[in-house]
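Chain letters run A, B, ... following the sequence lines, proteins first and then strands; every chain starts at 1.
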Amino acid sequence: MSETITRFAPSPTGHLHVGGARTALFNWLLARQKGGRFVLRIEDTDAQRSSDEFTRAILSAMTWLKLDWDGEPVYQSQRLPLHREYIDKLLSEGQAYWCHCQAADLEERRRKALAAGGKPKYDGLCRDKNLGPAPGAVVRFRGPEGGETGWNDLIKGSVVFDNRELDDLIILRSDGLPTYNMAVVVDDVAMNITHIVRGDDHVNNTPRQIQLYRALGAPAPYFAHVPMILGADKTRLSKRHGATSVMAYKDMGYLPQALINYLARLGWSHGDQEIFSLDEMKQVFDLSHVGRSAGVFNPEKLNWLNSHYLKETPPDELAELVWPYLEPKGYARPDGAAMAKIMLTVHERGKTLTELAEKAEFYFQDLPTLDTKDAAKILTPENKALLREWMEVLRRPLGGGEFEALLRRVAEEKGVKPGAAAQPLRLAMTGRTASPGLDDILSILGPEKIRKRIEALL
RNA sequence: GGUCCCAUCGUCUAGCGGUCCAGGAUAUCGCCCUCUCACGGCGGGGACACGGGUUCGAGUCCCGUUGGGACUACCA
């Protein structure tokens with residue numbers, strides 16, 4: 001009847017990537033669903049590769065995704081004394097021993113064993129020598145010699161390792177720092193973590209960690225190993241597959257709820273349902289419905305979700321989200337009502353905030369940027385005559401729904417189809433041949449701007 | 001090489017022995033709507049990797065093959 005406590009434990013050696021975001025999400029979901037705690041632990045023991053800048057970047061990405069954590073983040077580098085304490089305990093109990101083997105020798109022996117068709121594991125040379133500390137020495141865990149170590153994974157089911165496959169892993173490096181496997185176990189024990197949800201790439205660490213739990217006399221938590229996210233070529237997702245960092249998606253104009261929804265559905269399902277709010281997920285999330293196989297990251301489906309959420313966003317909110325992409329260009333911002341109206345005309349026509357900004361840009365320009373191909377095609381003498389006609393007709397403001405009748409009248413007078421009569425006007429207003437509806441555009445622009453834009457083409 | 005994991009439409013998946021000549025979503029194609037582009041609506045094509053078992057019956061259970069992936073550090 002203990003409280004559910006989950007954790008997300010990134011190492012600050014890079015930005016938060018989509019795979020990390022997904023495991024963070026699953027941990028968050030599990031804790032929030034059970035009314036438990038979700039804690040953040042920054043695994044910064046590798047001083048060489050870790051940086052505060054990445055720590056800050058990870059925290060802000062989590063915040064953007066609305067994955068809130070309980071309490072202050074825990075920094076692993078500040079817990080070294082605790083790690084040492086546990087290592088000393090294992091040492092004094094004979095569950096760990098000093099090893100004087102040098103890295104270079106080890107490598108040589110590993111190479112030979114491999115060449116002889118053996119396994120590249122530690123040969124146990126110092127295991128029974130009863131050595132003490134020495135410069136350059138490390139501490140190894142004394143693993144069981146036979147038997148099996150296994151667990152019932154909440155995602156993968158029963159997983160079992162033969163203990164003979166596992167060698168005596170180093171728990172204290174020669175520089176006095178604990179190794180990853182030792183530090184995680186000590187911290188997870190000390191932080192009372194009940195469920196460890198992490199990437200698939202950790203399954204091979206799990207049996208060793210379980211042995212450490214046992215040696216420490218602590219009950220092992222539940223483990224759930226989430227499959228990897230792959231790129232289109234089915235190899236592990238990396239930079240060469242395009243953007244992998246969460247904040248890169250923010251910059252490209254994706255909504256956090258779209259990314260979250262996408263990541264959740266990549267590997268997890270709830271019947272045929274595709275759309276989930278964070279709140280809804282919290283209700284129905286279930287580790288047993290997380291798939292066991294790796295999934296390919298599919299930007300097209302992310303796009304679909306993003307446009308879905310874009311369409312759902314109220315226009316005034318959308319204006320706030322889109323404006324940052326327009327502001328740097330120096331445009332004057334129209335009043336709230338006008339902005340909302342503009343948003344309404346574009347919000348179904350783009351997949352990202354950047355696309356929306358791009359599609360709305362003509363409203364803000366003094367004169368729209370002319371698409372040269374479209375212009376060349378449209379600006380015939382006949383169409384210029386049409387534009388003159390439009391200029392006459394559009395001198396006064398249009399009433400609601402009036403454009404439709406006007407378009408038919410102009411088309412009939414000029415003996416062309418309505419579509420053909422509209423295109424020159426569209427080009428004049430927007431600079432291209434694809435745009436929102438002209439009735440909306442015309443009423444937003446108003447007679448003065450309309451006249452100016454037509455004149456520019458005559 | 002060894003260990004571990006995985007295998008349903010291009011992609012994400014539903015399916016927990018019979019209701020599946022396999023359902024949804026996305027992508028794609030076609031039609032409709034229409035001042036363009038979108039949106040939306042309707043429809044089409046598209047998958048149980050292969051081989052053995054078990055069973056009255058297998059996408060669903062077992063074994064093998066093949067194919068992917070992860071790990072194999074004094075990195076996390």
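Atom name P, nucleotides B:C21 and B:G46: the rounded distance is 16 Å, in whole Å. Annotation: B:G10 and B:G2 have their C1' atoms spaced 34 Å apart (nearest Å). Between B:A76 and B:U19, the two C1' atoms lie 50 Å apart (nearest whole Å). Comparing the same atom, C1', in B:G52 and in B:A58 gives a spacing of 13 Å after rounding to whole Å. Taking atom C1' in both B:C9 and B:C48, one finds a spacing of 10 Å when rounded to whole Å. Taking atom P in both B:G67 and B:C61, the straight-line distance is 23 Å, to the nearest Å. Taking atom C1' on both B:G15 and B:G23, the two are 8 Å apart, rounded to the nearest angstrom. When the P atom is compared between B:G24 and B:U65, the two are found 37 Å apart, to the nearest whole Å.
With hydrogens and angles ignored, a donor-acceptor pair under 3.5 angstrom links the side chain of A:Ser174 to the base of B:C74. Evaluation of atom-type donor-acceptor distances gives no pair under 3.5 Å for the side chain of A:Arg349 against the base of B:C39. In terms of polar N and O atoms assigned as donor or acceptor, the side chain of A:Glu348 never comes within less than 3.5 Å of the base of B:G40 in a complementary pairing.
Heavy-atom nearest nucleotides on RNA chain B were determined for A:Asp44 and for A:Trp268, and the one closer to the 5' end corresponds to A:Trp268. Along RNA chain B, the nucleotide nearest A:Ser293 and the nucleotide nearest A:Gly437 are compared for position; the residue whose nucleotide lies closer to the 5' end is A:Ser293.
Each of B:C74, B:C4, B:C35 was ranked by its minimum atom distance to the side chain of A:Phe161; first place goes to B:C4. The side chain of A:Lys311 approaches B:G40 more closely than any other nucleotide in the set B:A76, B:G40, B:G24. Looking at the side chain of A:Lys156, the nearest of the listed nucleotides B:U3, B:C75, B:C6 is B:C6. Of the candidate nucleotides B:C5, B:C37, B:C74, B:C37 has the atom lying nearest to any side-chain atom of A:Ala434. Set against B:C35, B:A76, B:C5, the side chain of A:Gln76 has B:A76 as its closest nucleotide. Of the candidate nucleotides B:C74, B:G15, B:A76, B:G15 has the atom lying nearest to any side-chain atom of A:His289. Among the nucleotides B:C4, B:C35, B:C12, the one closest to any side-chain atom of A:Val296 is B:C12. Considering only the side chain of A:Arg265, B:G24 comes nearest among B:C35, B:G24, B:C74. Checking B:C74, B:U13, B:C35 against every side-chain atom of A:Ser269, the shortest atom distance belongs to B:U13.
When Watson-Crick and G-U wobble pairs are counted only if both distances are under 3.5 Å, B:C35 pairs with no nucleotide at all. For B:U66, the paired nucleotide is B:A7, the pair qualifying as Watson-Crick or G-U wobble because both relevant distances are below 3.5 Å. In this structure B:G43 sits in a base pair with B:C29, meeting the Watson-Crick or G-U test at under 3.5 Å. A 3.5 Å limit on both hydrogen-bonding distances identifies B:U72 as the Watson-Crick or G-U partner of B:G1. The base-pairing partner of B:C20, taking Watson-Crick or G-U wobble contacts with both distances under 3.5 Å, does not exist among the strands shown.
A straight line from CG of A:Leu407 to P of B:U34 spans 13 Å, rounded to a whole angstrom. Straight-line distance from the NE2 atom of A:His270 to the P atom of B:A14: 12 Å, rounded to whole Å. In this entry the distance linking CD of A:Glu358 with P of B:A38 reads 14 Å, nearest Å. B:A73 atom P lies 16 Å from atom CG of A:Asp105, rounded to whole Å. Separating the CD1 atom of A:Ile170 from the P atom of B:C74 is a distance of 4 Å, rounded to the nearest angstrom. In this entry the distance linking CG of A:Leu172 with P of B:C75 reads 11 Å, nearest Å. Rounded to whole Å, the distance from CZ on A:Arg426 to C1' on B:U34 is 11 Å. Atom-to-atom, CZ of A:Phe362 to C1' of B:U36 comes out at 12 Å; the value is rounded to the nearest Å.
A:Asp187 and A:His83 share a side-chain donor-acceptor pair at under 3.5 Å. Looking only at atom types and distance, the side chain of A:Tyr222 has no donor-acceptor partner in the side chain of A:Asn152 under 3.5 Å away. Inspection of the A:Asn163 and A:Gln211 side chains reveals an N or O donor paired with an N or O acceptor under 3.5 Å. For the residue pair A:Tyr75 and A:Thr55, no side-chain donor N or O sits within less than 3.5 Å of a side-chain acceptor on the partner. In this model, no donor atom of one side chain and acceptor atom of the other lie less than 3.5 Å apart for A:Asn181 and A:Thr179. Between A:Arg426 and A:Gln423, the side chains place a donor N or O and an acceptor N or O closer than 3.5 Å (distance only, hydrogens not considered). No hydrogens or angles considered: a donor-acceptor pair under 3.5 Å links the side chains of A:Tyr309 and A:Asn261.
Remark: A:Glu358 engages A:Arg432 in a salt bridge, criterion side-chain N to carboxylate O under 4.0 Å.
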- [ ] Starting from the C-alpha separation in whole Å, work towards a yes-or-no answer on salt bridge (charged side-chain N to carboxylate O under 4.0 Å, His left out) for A:Arg111 and A:Glu107.
- [x] CA-CA 6 Å; A:Arg111 209 177 47 75; A:Glu107 198 156 327; over 6 Å; no

- [ ] Evaluate salt bridge (charged side-chain N to carboxylate O under 4.0 Å, His left out) for A:Asp167 paired with A:Arg127, printing each intermediate quantity in order.
- [x] CA-CA 11 Å; A:Asp167 57 1; A:Arg127 185 172 163 110; over 6 Å; no

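Residue A:Thr179 places none of its side-chain N or O atoms closer than 4.0 Å to OP1 or OP2 of B:A76. Here A:Arg292 does not reach the OP1 or OP2 of B:C5: none of its side-chain N or O atoms lies under 4.0 Å away.
Annotation: the span from A:Met62 atom CE to A:Leu25 atom CG amounts to 9.5 Å, rounded to 0.5 Å. From A:Ile193, atom CD1 reaches atom CZ of A:Arg7 across 6.5 Å, with rounding to the nearest 0.5 Å.
Among the atoms of the strands shown, none is found under 4.0 Å from any heavy atom of A:Asn303. Using a 4.0 Å heavy-atom criterion, one finds that A:Gln423 contacts the sugar-phosphate atoms exclusively. Residue A:Cys101 is in base contact, counting any heavy-atom pair closer than 4.0 Å across all strands shown. Across all strands shown, A:Val159 has heavy atoms under 4.0 Å from sugar-phosphate atoms exclusively, and none from any base.
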Open item on the list: Output one letter per nucleotide in nucleotides 41-49 of chain B: B when a protein non-hydrogen atom lies under 4.0 Å from the base, S when only the sugar-phosphate is that close, - when neither is.
Closed with: ---------

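Just one of A:Arg22, A:Lys156, A:Arg236 meets the salt bridge (Lys or Arg N to Asp or Glu O under 4.0 Å) condition when paired with A:Asp200; it is A:Lys156.
The aromatic ring centres of A:Tyr180 and A:His202 sit less than 6.0 Å apart.
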Pairs: protein N or O with nucleotides 65-72 of chain B N or O, under 3.5 Å:
from	atom 1	to	atom 2	distance (Å)
B:A70	O3'	A:Arg236	NH1	3.3
B:C71	OP1	A:Arg236	NH1	3.0
B:C71	O4'	A:Asn204	ND2	3.4

